[in-house]
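Below, read A as the first sequence line, B as the second, and so on, with proteins coming before strands; counting in each chain starts at 1.
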Amino acid sequence: MPAHWLLKSEPDVFGYPDLVRVGTEPWNGVRNYLARNHLRAMKVGDRALFYHSNAHPTGIAGVAKIVRAAYADDLQFDPESAYHDPKSSPADPRWSMVDVSPLLAFPEVLTLAQVRELPAWEGSPLTQKGTRLSVFPVTPLQFRAALKAAGVELPKK
DNA sequence: GCCAACGTTGGC
DNA sequence: GCCAACGTTGGC
């Protein structure tokens, strides 16, 4: 039974169309422990709602799938990177990433305002004021409600 | 651009 | 270990 997640990204930096273009993308740069722990809990085959933050409009742009489970985020060892972490070591990497690929693009972004209207999403980190968590689990009910509101279905197998 | 809310840092 | 200061996130 695949689990469901939500991944936030700023489309000015990397949006769902970019994921479609590249095919597979390492989800690097997560530097928050709770978000990292969620990444580490992901399994190949899990689905993730791809959310556009700081965007016009903000909302869910599509569904991605996890194609590689958590491994060391290489940017933490790159002194040139903004995500460099001098306190991390290759022997004991502090930060992880997964690989994701596109699964299903929404015909239109399901806006945050629309998500707020879905009862299943009450209490989610997405709709709670002030929560900035960028990776978190989504319940099957929330996942189904989002797809229904977007007017799409995942192909059966 | 504003600003509320949050996580992290660092002085003590 | 406390907590103020700071930097960042992210909606609007």
Partner of A/Leu154 by side-chain contact (heavy atoms from CB on, under 4.5 Å), out of A/Lys65, A/Arg144, A/Arg47
A/Arg47
Of B/dC6, C/dG10, B/dT9, the nucleotide closest to the side chain of A/Arg132 is B/dC6
Round to the nearest Å and state the distance from A/His52 atom NE2 to C/dT9 atom C1'.
17 Å
Under 4.0 Å between a side-chain N or O of A/Arg31 and OP1 or OP2 of C/dG7?
no
Which whole-number value in Å describes the distance from A/Phe136 CZ to B/dC6 C1'?
15 Å
When the distance from CG of A/Leu126 to P of C/dG11 is rounded to whole Å, what number comes out?
8 Å
Whole-Å distance separating the CD atom of A/Gln128 from the P atom of C/dG11:
14 Å
Quickly work out the A/Leu34 CG to B/dT8 P distance and round it to whole Å.
10 Å
Counting only side-chain heavy atoms from C-beta out, which of B/dT8, C/dG10, C/dC12 sits nearest to A/Tyr33?
B/dT8
Figure out the CG/C1' separation between A/Leu6 and C/dT9, and round it to whole Å.
15 Å
May I ask you to verify if any side-chain N or O of A/Tyr83 is less than 4.0 angstrom from the OP1 or OP2 atom of C/dT8?
no
Closest to the A/Ser53 side chain: C/dG11, B/dT9, B/dA4?
C/dG11
Under a plain distance cut-off of 3.5 Å, with no hydrogens placed, do A/Ser53 and A/Glu10 share a side-chain donor-acceptor pair?
no
Donor-acceptor pair, distance only, cut-off 3.5 Å: does the side chain of A/Glu25 make one with the backbone of A/Leu19?
no
Is the phosphate of C/dT9 approached by A/Lys8 (side-chain N or O, under 4.0 Å from OP1 or OP2)?
no
Atom-to-atom span, CG of A/Asp12 to P of C/dG11 - whole angstrom:
13 Å
Give a yes or no on whether a salt bridge exists between A/Arg94 and A/Asp73, defined as a side-chain N under 4.0 angstrom from a carboxylate O.
no
Name the residue closer to the 5' end of DNA chain B, choosing between A/Lys87 and A/Asn54 according to the nucleotide with the nearest heavy atom.
A/Asn54
Mind checking whether A/Tyr71 and A/Trp95 have ring centres under 6.0 Å apart?
no
Atom pair distance, as rounded to whole Å: CG in A/Leu133 and C1' in C/dG11:
16 Å
